[in-house]
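Okay, structure first, notes after.
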Amino acid sequence: CSLTIGTGNSAGVEGPIAQVGGALGSAVGKIFRVSGNRTKVYTAAGCAGGVAAMFNAPIAGVFFAAEIVLLGTYEIASFSVLVISSAMATVVSRSYYGTTPAFPIPEFHLVNPLAEVPLYMIMGVLMGVIAVLYIYVFYEVRDRFEALNISQHVKPIIGAFIIGCTAIFFPQIMGDGYHYIKDVLAGHGVIWVMAILIFLKIFATAVTLGSGGSGGVFAPALFIGSVIGGAYGSIVHNLFPSVTASSGAYAAVGLGAFLAATTHAPITAIFLLFEM
């Protein structure tokens, strides 16, 4: 995963750390020979700790494991375990990296709720439509690479070559894209660049992971959501400057909305947005 992202391929570290954490949790369950249901809870606890530490977001780590790993189970016996694991992992992570949020952004406000709430609702529908496209493209590209009658070891090289050629013109698609997300959240994005990056990032992520690269889809989802929101916010702010916030506010909301649409985990997305 470090090699994939570090060399510029489009992926995130959050998915792999959830897998690593889940594997550790499962191993602990096997060591102590707990039941199958309890091992599942241990696996979820490992995922919660990994995500919480990586995002510096303990509450989001808890709900990530509850919504995605345990499929919406909120029993006290399992929920308390997730809370403990997430809290301890965050304590360790913060001892090294501090409490600085991943995306420091300006303080945003609703300028005119009557005008802006409908605009945010329309943006939410747009997020859902593009999320469907994102999922479709991801699996379509993966299937195309699987159908190639060549060695499995060559496919990631082809994928990396495609990403490199694309990044010559739009280097923002490389890696997890966090640096560009910060610019968009600060309101410094250019409309036409953000509009193009929506589709290029979808394609780049599908090629990276579909060709066999190691990484996750969380960070690309955050990137895509922020540029959708940034482009949309720039348009509505230019049309209605007196009743709308800056594009950065829409980018921040879009970041969480697109993550919710792609992972089907709305509570996780909401808390993750506030904590990050």
Side-chain angles (χ1 to χ4, degrees), residues 1-24 47 50-51 53-57 93 96-97 100-103 133-185 188-190 193-228 230 251 255 258-259 262-263 272 276:
C1 179
S2 300
L3 287 172
T4 299
I5 301 170
T7 54
N9 287 275
S10 176
V13 299
E14 297 78 18
I17 198 62
Q19 291 180 322
V20 171
L24 290 173
C47 292
V51 171
M54 186 60 65
F55 278 122
N56 197 8
S93 176
Y96 282 92
Y97 299 112
T100 304
F103 301 124
L133 174 66
Y134 176 42
I135 295 170
Y136 172 79
V137 171
F138 179 85
Y139 286 110
E140 183 68 20
V141 171
R142 186 195 65 176
D143 292 342
R144 293 293 180 89
F145 271 103
E146 288 182 352
L148 291 177
N149 189 24
I150 58 177
S151 171
Q152 294 292 331
H153 302 89
V154 177
K155 294 178 182 179
I157 300 174
I158 297 175
F161 178 76
I162 295 173
I163 300 301
C165 291
T166 308
I168 292 174
F169 306 99
F170 291 92
Q172 298 94 331
I173 67 169
M174 299 180 74
D176 55 20
Y178 277 11
H179 292 294
Y180 189 70
I181 292 176
K182 293 177 182 178
D183 291 338
V184 173
L185 292 174
H188 299 153
V190 180
V193 174
M194 291 188 288
I196 293 175
L197 287 175
I198 295 170
F199 303 100
L200 286 183
K201 190 66 174 179
I202 290 175
F203 175 72
T205 305
V207 169
T208 295
L209 302 180
S211 64
S214 175
V217 296
F218 256 63
L222 298 177
F223 183 99
I224 296 166
S226 67
V227 292
I228 296 172
L255 184 148
F258 192 78
L259 180 64
T262 53
T263 61
L272 186 64
M276 292 184 73

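As the structure is a computational prediction, the values presented were derived from the model and not from experiment. Values below: every heavy atom of this structure, side chains too, minus hydrogens, waters and symmetry copies.
Residues Pro220 and Gly216 approach most closely at CD-O, 3.6 Å, considering heavy atoms. The two residues Gly215 and Leu209 have their closest heavy-atom pair at O-CD2, 3.6 Å. Nearest heavy-atom pair, Ala251 versus Val184, reported as atom, atom and distance to 0.1 Å: CB-CG1, 3.6 Å. Heavy atoms only, all atoms of each residue included: Ser93 and Ala53 are closest at OG-O, 3.0 Å. Between Ala219 and Gly12 the shortest heavy-atom distance is CB-CA, 3.6 Å. What you find for Glu14 and Met54 is that their closest heavy atoms are CG-CG, 4.1 Å.
Between the CZ atom in Phe169 and the CG atom in Leu200 there is a gap of 11.0 Å [rounded to 0.5 Å]. Here the OG atom belonging to Ser214 is positioned 7.5 Å from the CD atom belonging to Gln19, to the nearest 0.5 angstrom. Distance check: Glu146 CD to Ser211 OG gives 11.5 Å after rounding to the nearest 0.5 Å. In this structure, CZ on Phe223 lies 15.0 Å from CG on Leu259, to the nearest 0.5 angstrom.
Taking the side chain as every heavy atom from C-beta outward, Val193 and Gln172 approach each other to under 4.5 Å. Contact of the Leu222 side chain with the Phe55 side chain is registered, since non-hydrogen atoms from C-beta on lie closer than 4.5 Å. Annotation: side chain of Phe170 is in contact with side chain of Ile196 (closest heavy-atom distance under 4.5 Å). Here the side chains of Thr263 and Phe218 are in contact, with some heavy-atom distance below 4.5 Å. In this structure, the side chains of Ile224 and Thr262 stay at 4.5 Å or more apart for every pair of heavy atoms. Counting heavy atoms from C-beta outward, Met194 and Tyr180 have side chains that approach closer than 4.5 Å. Side-chain atoms of Ile162 and Ile158, non-hydrogen and from C-beta on, do get closer than 4.5 Å to each other.
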Check the pair Phe199 / Val137 against side-chain contact (heavy atoms from CB on, under 4.5 Å), numbers first and verdict last.
CA-CA 10 Å; Phe199 303 100; Val137 171; over 6 Å; no
Quick one: do Ile163 and Thr208 satisfy side-chain contact (heavy atoms from CB on, under 4.5 Å)? Show the steps, please.
CA-CA 7 Å; Ile163 300 301; Thr208 295; 3.7 Å; yes
Step-by-step side-chain contact (heavy atoms from CB on, under 4.5 Å) determination, Ile173 to Phe203:
CA-CA 10 Å; Ile173 67 169; Phe203 175 72; over 6 Å; no
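Between Phe258 and Tyr134, the angle of the ring planes lies from 30° to 60°, which puts this pair in the tilted group.
Remark: side-chain polar atoms of Thr205 are not paired, donor with acceptor, to backbone N or O of Ile202 under 3.5 angstrom. Asn9 places a side-chain N or O within 3.5 Å of a backbone atom of Thr4 that can act as its donor or acceptor partner.
Remark: Lys155 is not positioned above the aromatic ring of Phe145, lacking an NZ or CZ atom under 6.0 angstrom from the ring centre and at most 45 degrees off the axis.
Enclosure of atom OH in Tyr178 by more than 12 non-hydrogen atoms of other residues, nucleotides or ligands within 6.0 angstrom is indicated.
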